[in-house]
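For reference, the structure is listed below as structure tokens.
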Amino acid sequence: MAVERTFSIIKPDATARNLGGAINAMIEKAGLRIVAQKRVLISRAQAETFYGVHRERPFFRELVDFMTSGPVVVQVLEGENAIVRYRDLMGATDPAKAAANTIRKAFAQSIGENSVHGSDAADTAQKEIAQFFSANEIVG
Ligand code: GDP
């Protein structure tokens, strides 16, 4: 199995409730290494680019409003099979459907305010990491 990097966001609902440390503890306990991390405010333009694939969805405006409503923590996670392992750790998009011991089951408030983002594939991981980090900010 290959060592991969994936992109993660601790979303505004989670930073507002001071859950960064608790989420990072779950990430590290799952065996993923946080190799880059910063707390930022995302601009509307950044959010619209990041979620461009959802531009036509009815919830797009709400999603951009939410992601720009407060600080987020953007991260790069590293580990074997990191992309799928982090998706498993996050749990289903809708917390009502999330499995036990997942971040969204533990912390998410709704299908929109669901505490974390994680890349869904290798090509998106690469693009998402590049949107927020330069190579010298990632220290494995
Ligand atoms: P993810 O990969 O599990 O994050 O899910 P998606 O790629 O399908 O959706 C991206 C993000 O859009 C989700 O994490 C939610 O924050 C938001 N989202 C998805 N579906 C809905 C919805 O029906 N309503 C609202 N308000 N937000 C949604």
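Just follow the structure's listing: the first ligand is 1, and inside any ligand the first atom is 1. Residue numbers start at 1 and run along the sequence shown.
For residues 56-104, every residue pair satisfying the ring-ring contact (aromatic ring centres under 6.0 Å, His included) rule, not counting sequence neighbours, is listed here: His54-Phe59.
By the 4.5 Å heavy-atom criterion applied to side chains, Lys11 and His117 are counted as neighbours.
Here OG1 of Thr68 is found 10.5 Å from CD of Gln46. Values are rounded to the nearest 0.5 Å.
Shortest non-hydrogen contact noted between Arg5 and Ala125 is O-CB, 3.6 Å. Across Ala98 and Thr102, no two heavy atoms sit closer than the pair CB-OG1, 3.6 Å.
Protein residues having a heavy atom under 4.0 Å from any atom of ligand 1 are Lys11, Tyr51, His54, Phe59, Glu62, Leu63, Arg87, Thr93, Arg104, Ile111, Gly112, Asn114, listed by chain and number.
Under the 6.0 Å distance and 45° angle rule, Lys38 does not count as a cation-pi partner of Phe132.
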